[in-house]
K.L.:
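Input: one structure, supplied below.
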2 protein chains.
Amino acid sequence: MVAERTLAGPCTAWPQDSAFIREVLDRIGDKWTVLVISTLGAGPLRYSDLQASVPGISQRMLTLTLKELERDGLLTRTAFPEVPPRVVYELTDLGRSLHEAVLSLAGWAAGHHGEIAAHRRAHEESGVGRAKTNQLLRKH
Amino acid sequence: MVAERTLAGPCTAWPQDSAFIREVLDRIGDKWTVLVISTLGAGPLRYSDLQASVPGISQRMLTLTLKELERDGLLTRTAFPEVPPRVVYELTDLGRSLHEAVLSLAGWAAGHHGEIAAHRRAHEESGVGRAKTNQLLRKH
DNA sequence: CAGAATCCCCACGGATACTG
DNA sequence: CAGTATCCGTGGGGATTCTG
């Protein structure tokens, strides 16, 4: 009891927000989800166009991502019973609202990634600069 | 050229936003970063308190996460040369701004995770409902 | 107390081949 | 065209042990 501890037993700083935060991140934190959502943000697309619009994605990942997004009600899948199959994917209102939320995050990134890059470079200079001067004392 | 394609050669729907989006997600999309940031959002904490405040985190992951965050200028590390070592971590202005951006995302989650859960449950009913109708094709 | 070093597992995702 | 099925490598991250 040295002074006051802003501490907080097991998990109190972020009451139950942490659960929500992790929920979104588990949802959009993967490699492709936001790319697909952003792409569909411009309008409905069919499977093949989607694959062409999201550069490095494989069919496997595109299919899996779309399935999960459909399952969560973020987009709709519409299959037309035609001779050459045609399936169109489109964001739902829920999906569009997520898209906007993600865009605001992207806005933050656009506004600060320069700062981050600068800090990162500064650390590389003083940290990985010369492996000669630092044997075992490198703290700023 | 059947009709107009809203398509977009390789990557045009999200001009260069996609790069920023991926940048943030690669940064905060991992398992612990946002938890640490959120915890430090309440105020500076020392290593051990941090570990106690972030429930399941291991020393390894806490250390790695803190290092990356410091490297990117999102938090500062202050070591006091005392007999029992004491190290305090604190968010920078940059870190706090990211924290707010993340909180807005959490706000979205808090407002919509009910909807998502509902959709998800609806899919489980109609999809994995009866394992009788489908012979030998079980989901995952 | 605040880490660094090591070992190890398994889920994420890429590549490829097959199908309705 | 729009998927499905399968194999397989990588690395994120947990558990444990050692150190200044």
K.L.:
Rounded to the nearest Å, what distance is computed from the CZ atom of residue B:Arg86 to the C1' atom of nucleotide D:dG20?
P.N.:
18 Å
K.L.:
In whole angstrom, what separates A:Lys67's NZ from C:dG13's C1'?
P.N.:
16 Å
K.L.:
Report the residues that fulfil ring-ring contact (aromatic ring centres under 6.0 Å, His included) with B:His113, sequence neighbours left out, ordered by chain and then residue number.
P.N.:
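With neighbours one apart ignored, the set is A:Phe20.
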K.L.:
Could you check how far OH of A:Tyr47 sits from P of C:dG20, rounded to whole Å?
P.N.:
17 Å
K.L.:
Nearest 0.5 Å, please: how far is CZ in A:Arg46 from OG1 in A:Thr78?
P.N.:
12.5 Å
K.L.:
B:Leu62 has an atom CG; how far is it from atom P of C:dA2, in whole Å?
P.N.:
10 Å
K.L.:
Would you check if the side chain of B:Ser38 reaches a backbone N or O of B:Leu35 as a donor-acceptor pair within less than 3.5 Å?
P.N.:
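Absent.
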K.L.:
With rounding to the nearest 0.5 angstrom, report the CG to OH distance, A:Leu62 to A:Tyr89.
P.N.:
7.0 Å
K.L.:
Specify the angle, to 10°, made by the local axes at the two ends of the helix from C:dC1-D:dG20 to C:dG20-D:dC1 when five pairs are taken at each end.
P.N.:
40°
K.L.:
How close or far is atom C1' of D:dA2 from atom CG of A:Leu50, stated in whole angstroms?
P.N.:
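Whole-Å distance recorded here is 12 Å.
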K.L.:
Tell me which pairs pass salt bridge (Lys or Arg N to Asp or Glu O under 4.0 Å) where either residue lies in residues 99-108 of chain A, with sequence neighbours left out.
P.N.:
none
K.L.:
Under the ring-ring contact (aromatic ring centres under 6.0 Å, His included) rule, collect the residues that match up with B:His112, sequence neighbours excluded.
P.N.:
B:Trp108
K.L.:
Between A:Thr63 and A:Pro84, which is nearer to the 5' end of DNA chain D once each is assigned its nearest nucleotide?
P.N.:
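Between the two, 5'-proximity favours A:Pro84.
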K.L.:
C:dC12 P sits how many Å from A:Leu35 CG, rounded?
P.N.:
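To the nearest whole Å, that distance equals 18 Å.
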K.L.:
Using a 4.0 Å heavy-atom cut-off across all strands, classify A:Phe80 as base, sugar-phosphate, or nothing.
P.N.:
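Nothing: the residue A:Phe80, judged by heavy atoms under 4.0 Å, touches no strand.
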K.L.:
Take atom CG of B:Leu25 and atom C1' of C:dG13, then tell me their distance rounded to the nearest Å.
P.N.:
17 Å
K.L.:
How close or far is atom P of C:dG3 from atom CZ of B:Arg46, stated in whole angstroms?
P.N.:
10 Å
K.L.:
How long is the gap from NE2 on A:His123 to CZ on B:Arg71, to the nearest 0.5 Å?
P.N.:
9.0 Å
K.L.:
How would you list, by chain and number, every residue that makes a salt bridge (Lys or Arg N to Asp or Glu O under 4.0 Å) with A:Asp72, sequence neighbours excluded?
P.N.:
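Counting only residues at least two positions away or on another chain, A:Asp72 forms a salt bridge (Lys or Arg N to Asp or Glu O under 4.0 Å) with A:Arg27, B:Arg120.
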K.L.:
Atom OG1 in A:Thr39, atom CG in A:Leu91: separation rounded to 0.5 Å?
P.N.:
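The distance works out to 9.5 Å.
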K.L.:
Of the options D:dA2, C:dC1, D:dG3, whose atoms approach the side-chain atoms of B:Ser48 most closely?
P.N.:
C:dC1
K.L.:
Identify the pairs formed between an N or O of the protein and an N or O of nucleotides 11-17 of chain D at a distance under 3.5 Å, and give each distance.
P.N.:
{"unit_1": "D:dG13", "atom_1": "OP1", "unit_2": "B:Lys31", "atom_2": "N", "d": "3.2"}
{"unit_1": "D:dG13", "atom_1": "N7", "unit_2": "B:Arg60", "atom_2": "NH2", "d": "2.7"}
{"unit_1": "D:dG14", "atom_1": "OP1", "unit_2": "B:Lys31", "atom_2": "NZ", "d": "2.9"}
{"unit_1": "D:dG14", "atom_1": "OP1", "unit_2": "B:Trp32", "atom_2": "NE1", "d": "3.4"}
{"unit_1": "D:dG14", "atom_1": "OP2", "unit_2": "B:Trp32", "atom_2": "NE1", "d": "3.3"}
{"unit_1": "D:dG14", "atom_1": "O6", "unit_2": "B:Arg60", "atom_2": "NE", "d": "3.4"}

